[in-house]
S.K.: 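The structure follows.
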Protein chains: 2
Amino acid sequence: MFSDLCDTVGMSAGSLRARVRSEMSLEIKEVARRRLAVDGGNLSLRAVARDMGIVASALYRYFPSRDALITALIIDGYEALGTAAADAQAAVPRDDLRGRWLAVCNAVRTWALAHPAEYGLLYGNPVPGYAAPNDTVAPATRVVLLLVDILVDGAERLEPVPTAVPERVRTDLRRLIDQQQQRDLPEERLDRVFIGWTHLFGLISFECFGRLDIMFEARAEYFDHHMALMADLAGIPR
Amino acid sequence: MFSDLCDTVGMSAGSLRARVRSEMSLEIKEVARRRLAVDGGNLSLRAVARDMGIVASALYRYFPSRDALITALIIDGYEALGTAAADAQAAVPRDDLRGRWLAVCNAVRTWALAHPAEYGLLYGNPVPGYAAPNDTVAPATRVVLLLVDILVDGAERLEPVPTAVPERVRTDLRRLIDQQQQRDLPEERLDRVFIGWTHLFGLISFECFGRLDIMFEARAEYFDHHMALMADLAGIPR
DNA sequence: AGCGAACGAGAACGGTGTTCTTGACCTCAG
DNA sequence: CTGAGGTCAAGAACACCGTTCTCGTTCGCT
């Protein structure tokens, strides 16, 4: 999206100017991520600029506003998270459905615990006054699509799942299936994916936001236990 | 906690001063809640003061800092949410276990959708630089305790639940059971309560933070569908 | 009746995001 | 090779923000 910006400003794509410009954008985001990790959710442009030995207004050459920078961080975050999950899954044999399911879940948890502030950006409170632009919805779907892939891949080996899904919910599911061109995915199976997806991020948010701190010590086992149950619900054989 | 403050400052408990003081505190919180509902997560003391026709520094007579005001709002929020859930459950016949379960879940969802900014305060990102004081943990447990109550009340009518719970998780559960003096609650049953509890807030956070907006239209049915499944998992008979 | 505490106003400090102007620099066309 | 135009960082400025402090005023209790 910011490469677009370069073009609109009238810089030829491969020019040296454009290269240092994009490197500068990368460094700004990198420093911002570090600040985010240190300070928590409130990102200060002036602090980022200070860390770079630069004045705050200079950042506006690269990002039109603080929200734009945050948006870029969010997109990068979704992509990093999606990549981490995809890589973890790729390391598991393709026919080990349960292994892939748990690998994805654990990768998401690991990434979230390693980048709590970024995770909060992605899955916590919407930033006030800030409406997530459409650019964020595509990267945001990567994790759930990974889960879908697992069930599509192993379709014939899955255990049957109850078909009782409320009619209007089934309609929504049908629409989503059509949008994603996954014609051979039954609604009740996608339903179970969404149940696992909801639970995955519900539990990680609880852990990441500190709600389990005083309750559970064996948080890794607790997480695996939950996600194994979700795999059961999705009909993934043991 | 702020009545304590009054005492420490040296005001006799029932005095007129103390009364107008506590009324003032109430009004500040009320105005702050309205601001929160309008502006979203970022609460501005100056805006609150402006709404009250008062100067910002005057607020410091009643709350020692912005964090303290937010803490008060959080505690009030937990209590309002807990009360809403308890009231909804009380309106259902005591032996209708599933009805009570769904009533609690729906009450939480309804409250969250009616007070999204407050819900974000309670269950979203931890406020940056702000560590939840211990005063908030007790009110925060009310909802899950309501769910526990349902299963304890109907213990003999519940369907059996798999006893396979990882050892270290079982230890955590055992400790929680002892802390809450619920000696007759099996670990695997409490486990299922926590699964439902996690899913409840996971799904509501998704909905409240807008993650379901473009995916599901039948959100109420979707929610009921999920929570009914959680009731199944907890062994609540149909 | 008078003392002292609580109060609200206001100024001040250091922080924030954002805008605008200014001057230096680089790149490319003539 | 020179000049024009675009890009850049800097800095001042503006309007906010939380917080602290000081200053009269007010008001309740003894």
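Each chain gets a letter, A, B and so on, in the order its sequence line appears, and its residues count up from 1.
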S.K.: Between A:Asp39 (CG) and C:dG15 (P), how many Å, whole number?
M.R.: 13 Å
S.K.: Look at A:Ser57 and D:dG11 and indicate whether a side-chain polar atom (N or O) is within less than 4.0 Å of OP1 or OP2.
M.R.: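 No.
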S.K.: Over how many whole Å does the gap from A:Arg21 atom CZ to C:dC26 atom C1' extend?
M.R.: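 These atoms are roughly 15 Å apart.
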S.K.: For the atom pair CZ (B:Arg109) and CD (B:Glu207), what is the distance rounded to the nearest 0.5 Å?
M.R.: 4.0 Å
S.K.: Return the orientation label for the A:Phe201 and A:Trp197 ring planes: parallel under 30°, perpendicular over 60°, tilted otherwise.
M.R.: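 Perpendicular, since the angle between the ring planes exceeds 60°.
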S.K.: May I have the distance from B:Ile54 (atom CD1) to C:dA6 (atom P), rounded to whole angstrom?
M.R.: 17 Å
S.K.: If the plane angle is over 60° it's perpendicular, under 30° parallel, otherwise tilted; pick one for B:Tyr222 and A:Phe194.
M.R.: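 Taking A:Phe194 first and then B:Tyr222, their aromatic rings stand perpendicular (interplane angle over 60°).
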S.K.: Using whole Å, what does the distance between atom P of nucleotide D:dC27 and atom CE of B:Met24 come to?
M.R.: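 Nearest whole value for this atom pair: 14 Å.
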S.K.: Would you kindly give the CG-to-C1' distance between A:Asn42 and D:dG18, to the nearest whole Å?
M.R.: 12 Å
S.K.: When you measure from the side chain of B:Leu45, which nucleotide among D:dC16, C:dC7, D:dG18 comes out closest?
M.R.: D:dG18
S.K.: Quick one: does any side-chain atom of A:Asp51 pair with a main-chain N or O of A:Val31 as donor and acceptor, under 3.5 Å?
M.R.: no
S.K.: Tell me: CG of B:Leu59 to P of C:dC7, nearest whole Å?
M.R.: 12 Å
S.K.: Give a yes/no on whether any side-chain N or O of A:Tyr62 is located under 4.0 angstrom from OP1 or OP2 of D:dA9.
M.R.: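 Checking D:dA9 against A:Tyr62, a side-chain N or O does come within under 4.0 Å of OP1 or OP2.
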S.K.: Determine whether a donor-acceptor pair (one donor, one acceptor, N or O, separation below 3.5 Å) exists between the side chain of B:Arg46 and the base of D:dG18.
M.R.: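 Yes, the side chain and the base share a sub-3.5 Å donor-acceptor pair.
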S.K.: Are B:Leu185 and B:Val193 packed together at the side-chain level, in the sense that at least one heavy-atom pair is separated by less than 4.5 angstrom?
M.R.: no
S.K.: In whole angstroms, how far is the P atom of C:dT16 from the CG atom of A:Asp51?
M.R.: 11 Å
S.K.: Between A:Arg61 and C:dT19, is there a contact of a side-chain N or O with OP1 or OP2 at under 4.0 Å?
M.R.: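 No, no such contact exists.
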S.K.: Determine the contact category for A:Leu43: base if any of its heavy atoms lies under 4.0 Å from a base atom, sugar-phosphate if only primed atoms, P, OP1 or OP2 are that close, otherwise nothing.
M.R.: sugar-phosphate
S.K.: Remember a base hit wins even if backbone is also touched, and classify B:Met52 as base, sugar-phosphate or nothing at under 4.0 Å, heavy atoms.
M.R.: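 Touches nothing.
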S.K.: Given D:dA9, D:dG18, C:dT18, which nucleotide is nearest the side-chain atoms of A:Ala56?
M.R.: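 The answer is C:dT18.
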S.K.: What is the separation between atom CG on B:Asp67 and atom P on D:dT20, rounded to the nearest whole Å?
M.R.: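 Whole-Å distance recorded here is 11 Å.
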S.K.: Quick one: is B:Arg50 getting a side-chain N or O under 4.0 Å of the D:dC17 phosphate, OP1 or OP2?
M.R.: yes
